[in-house]
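A, B, ... follow the sequence lines: proteins, then strands. Residue 1 opens every chain. All values below come from the heavy atoms of this structure, side chains included, with hydrogens, waters and symmetry mates left out. Keep in mind it's a predicted model, so treat the numbers as computed, not measured.
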2 protein chains.
Amino acid sequence: MSRSPSSSIEPVLVPQGGRAMCATLWGAVLGQPDLSDAALSAVLAWARWRHLASGDVVFACQQPAEQLFAVLEGCVGLGTLREGQAFHLERSVHGPGWLDLSSAWVGQGHVQDAQAMGSALVLELPLAALRPLFLRYPELQERLLLALAQTVQKLTGATHDLMAKDAQKRLVGWLLQRMSAPAGDVALRERKRELAAQLAITPETLSRLLRQLMASGLIEVQGYSIKLLNLNALRALA
Amino acid sequence: MSRSPSSSIEPVLVPQGGRAMCATLWGAVLGQPDLSDAALSAVLAWARWRHLASGDVVFACQQPAEQLFAVLEGCVGLGTLREGQAFHLERSVHGPGWLDLSSAWVGQGHVQDAQAMGSALVLELPLAALRPLFLRYPELQERLLLALAQTVQKLTGATHDLMAKDAQKRLVGWLLQRMSAPAGDVALRERKRELAAQLAITPETLSRLLRQLMASGLIEVQGYSIKLLNLNALRALA
DNA sequence: CGAACCCTTGATACGCTTCAACAAGAGTGG
DNA sequence: CCACTCTTGTTGAAGCGTATCAAGGGTTCG
């Protein structure tokens with residue numbers, strides 16, 4: 001049986017080129033077009049990167065937030081860490097991408113816990129050190145604004161989905177969004193329980209929904225790879 | 001029977017002092033401490049304000065977004081406008097406060113519809129005109145960053161509530177947050193259907209929940225004013 | 001081999017929505 | 001002034017969607 005998700009749980013590639021490679025990844029976080037080398041290296045001078053093993057805590061709820069967090073590589077989950085029980089996942093960030101841009105600005109501590117799902121490379125950026133740079137490199141601040149705005153849009157979409165769509169519509173929407181070529185193949189990069197968590201349903205319900213869609217001939221499920229057979233019908237569902 | 005919400009539906013106070021009064025409200029949107037007069041008036045030079053009657057559309061979904069929107073006075077609802085049916089409310093913004101900061105930055109059109117709930121005074125700020133100002137007044141950009149970050153935190157909280165709490169917990173949480181003095185009085189400023197929409201439940205369910213809490217002796221409901229009788233028990237519920 | 005994990009399947013329970021009916025103002029026009 | 005309608009909130013009965021609990025199969029690994 002195919003086990004695609006495990007590949008993202010393998011030992012992370014340690015950046016061989018050191019700073020060079022990190023800079024490349026880091027550029028991906030800040031978006032296109034690439035920032036000037038001067039701005040990039042000025043920011044990198046203050047950056048600190050941490051290598052995390054599976055399960056490591058990146059930051060904890062209510063802990064004072066003074067840094068911007070980005071995931072360079074691997075995957076980090078946002079949610080609630082409950083002692084004695086499993087981590088309750090709410091959202092996950094795959095590198096490269098921002099993990100938490102907002103908490104440091106508000107300055108009132110983190111609102112969620114963050115835990116590495118598998119090995120990950122995380123970058124921390126002290127906001128206090130960054131502020132002076134904004135005057136010299138205004139593009140930098142604009143990138144952060146854009147990233148925050150995108151986060152707002154994504155969250156708005158998420159709340160809308162939760163309020164207006166049922167589980168099936170959310171699942172189909174997720175599949176369509178993640179579909180690669182027009183062919184319509186989806187290779188799951190995560191465990192099904194994590195997918196379920198992102199859709200705010202239980203693993204049991206996810207299993208039933210997939211079976212149901214398969215019975216309707218709309219998709220074909222084989223382990224961690226899903227084929228979308230009838231795109232039009234799926235779009236009509238979502 | 002007390003009808004508090006209607007007061008927010010009365011004809012809005014037209015700013016008598018014109019620009020002066022608008023500037024004061026506008027300052028409230030940008031937060032404390034007040035920006036320099038120079039920065040404020042530079043921004044205001046580009047601002048356009050619109051007086052809206054109840055039901056007027058501020059912007060529509062997918063419509064290209066090139067401006068920042070703020071509510072100076074009154075209340076504007078965000079949600080989905082469906083032809084033939086009633087507006088589906090998801091979130092509402094009471095002035096003074098930002099209505100939509102994110103869409104213009106992303107530059108891909110609005111994600112929701114916005115409709116005035118009662119008379120309102122809305123301010124539009126073309127992003128293109130604003131950009132040059134950022135170089136001269138970096139504080140301005142920082143205010144926007146902060147506002148965006150706060151929006152992210154609020155939305156994160158909202159999605160968390162939707163995913164983890166049932167309707168009763170959301171309602172009790174809402175009541176506690178909106179409670180004024182330690183006394184524990186809540187005067188509803190909105191119709192109960194709008195409150196229900198914000199909590200992502202139906203009006204029927206809201207009615208039943210209020211009755212249920214009243215039967216438990218935790219609250220006392222009289223029309224649009226609610227007394228919280230047992231704060232500790234309520235906090236334990238949420 | 002046994003242990004641990006992930007996914008699946010079934011039975012049941014609960015929360016919330018939907019639909020329908022009704023009461024209580026508020027506004028309107030005869 | 002009263003009948004009429006419109007809106008808002010309330011209540012009840014029925015039904016859907018999803019969670020919960022329990023059990024079993026497949027895979028991986030020591």
(request) Give the rounded distance in Å between these two atoms: CD of B:E204 and C1' of C:dG15. (result) 14 Å
(request) Round to the nearest Å and state the distance from A:L162 atom CG to C:dG15 atom P. (result) 20 Å
(message) Rounded to whole Å, please give me the gap between CE in B:M163 and P in C:dC16.
(response) 16 Å
(request) Examine distances only and state if a side-chain atom of B:N230 and a backbone atom of B:L218 form a donor-acceptor pair shorter than 3.5 Å. (result) no
Would you tabulate the pairs of protein nitrogen or oxygen atoms and nucleotide nitrogen or oxygen atoms of nucleotides 13-17 of chain D closer than 3.5 angstrom?
none

Table of protein N/O atoms under 3.5 Å from nucleotides 6-8 of chain D N/O atoms:
residue: D:dT8; atom: OP2; partner: B:R193; partner atom: NH1; Å: 3.2
residue: D:dT8; atom: O3'; partner: B:Y224; partner atom: OH; Å: 3.3

(request) Please check if the side chain of A:K192 supplies one atom and the backbone of A:Y224 the other of a donor-acceptor pair under 3.5 Å. (result) no
(request) Under the salt bridge (Lys or Arg N to Asp or Glu O under 4.0 Å) rule, collect the residues that match up with B:E124, sequence neighbours excluded. (result) B:R48, B:R50
(request) Would you kindly give the CG-to-C1' distance between B:L209 and D:dT11, to the nearest whole Å? (result) 14 Å
(message) Output the rounded distance in Å from CG (B:L210) to P (D:dT11).
(response) 10 Å
(message) Between the opening five pairs and the closing five pairs of the helix from C:dC1-D:dG30 to C:dG30-D:dC1, how far apart are the helix axes, to 10°?
(response) 20°
(request) Look at the side-chain N and O atoms of B:R211 and state whether any lies under 4.0 Å from the OP1 or OP2 oxygen of D:dT11. (result) yes
(message) As an exercise, state the distance from CG of A:L148 to CG of A:L101, rounded to the nearest 0.5 Å.
(response) 5.0 Å
(message) By the salt bridge (charged side-chain N to carboxylate O under 4.0 Å, His left out) test, which pairs, at least two apart or in different chains, include something from residues 215-236 of chain B?
(response) none
(request) Could you list by number each residue of residues 213-220 of chain A showing a heavy-atom separation from DNA chain D of less than 4.0 Å, or answer none if no residue does? (result) none
(message) Could you report the tightest heavy-atom contact between B:L146 and A:V106, atom names first, then the distance?
(response) CD1-CA, 4.0 Å
(message) Any base atoms under 4.0 Å from B:A200, or only sugar-phosphate, or nothing? Heavy atoms, all strands.
(response) sugar-phosphate
(request) Please determine if a side-chain N or O atom of B:T205 lies less than 4.0 Å away from the OP1 or OP2 oxygen of C:dC16. (result) no
(message) If the condition is side-chain hydrogen bond (donor to acceptor under 3.5 Å, both in side chains), which residues does A:Q112 pass it with, not counting sequence neighbours?
(response) A:E90
(request) Take the protein atom CD of A:Q222 and the nucleotide atom P of C:dC7, then report the distance between them rounded to whole Å. (result) 16 Å
(request) Mind checking side-chain hydrogen bond (donor to acceptor under 3.5 Å, both in side chains) for A:T80 and listing every partner two or more places apart, or none if nothing turns up? (result) none
(message) Treating B:D100 as the side-chain partner and B:S102 as the backbone partner, does any N or O pair qualify as donor plus acceptor under 3.5 Å?
(response) yes
(request) Not counting sequence neighbours, which residues clear side-chain hydrogen bond (donor to acceptor under 3.5 Å, both in side chains) with A:S207? List them please. (result) none
(message) When you measure from the side-chain N and O atoms of B:T202 to the phosphate of C:dC16, is any distance below 4.0 Å, counting only OP1 and OP2?
(response) no
(message) Can you list everything that forms a ring pair (Phe, Tyr, Trp, His ring centres under 6.0 Å) with B:F69? Sequence neighbours excluded, please.
(response) B:F59, B:H110
(request) Classify the nucleic acid contact of A:L206 as base, sugar-phosphate or nothing, counting any heavy atom under 4.0 Å across all strands shown. (result) nothing
(request) For B:K165, enumerate each residue passing the salt bridge (Lys or Arg N to Asp or Glu O under 4.0 Å) test, keeping only those at least two apart in sequence or located in another chain. (result) B:D161
(message) I need the CD1-P distance between B:I201 and D:dG9, as an integer number of Å.
(response) 13 Å
(request) Quick one: which residue pairs count as a salt bridge (charged side-chain N to carboxylate O under 4.0 Å, His left out) with a foot in residues 196-211 of chain B, not counting sequence neighbours? (result) none
(message) What I'd like to find out is whether the side chain of B:W98 reaches to under 4.5 Å of the side chain of B:T151, using heavy atoms alone.
(response) no
(request) Figure out the CG/C1' separation between B:L199 and C:dC16, and round it to whole Å. (result) 14 Å
(request) Specify the residue among B:P203 and A:Q168 whose closest nucleotide of DNA chain D lies further upstream toward the 5′ end. (result) B:P203
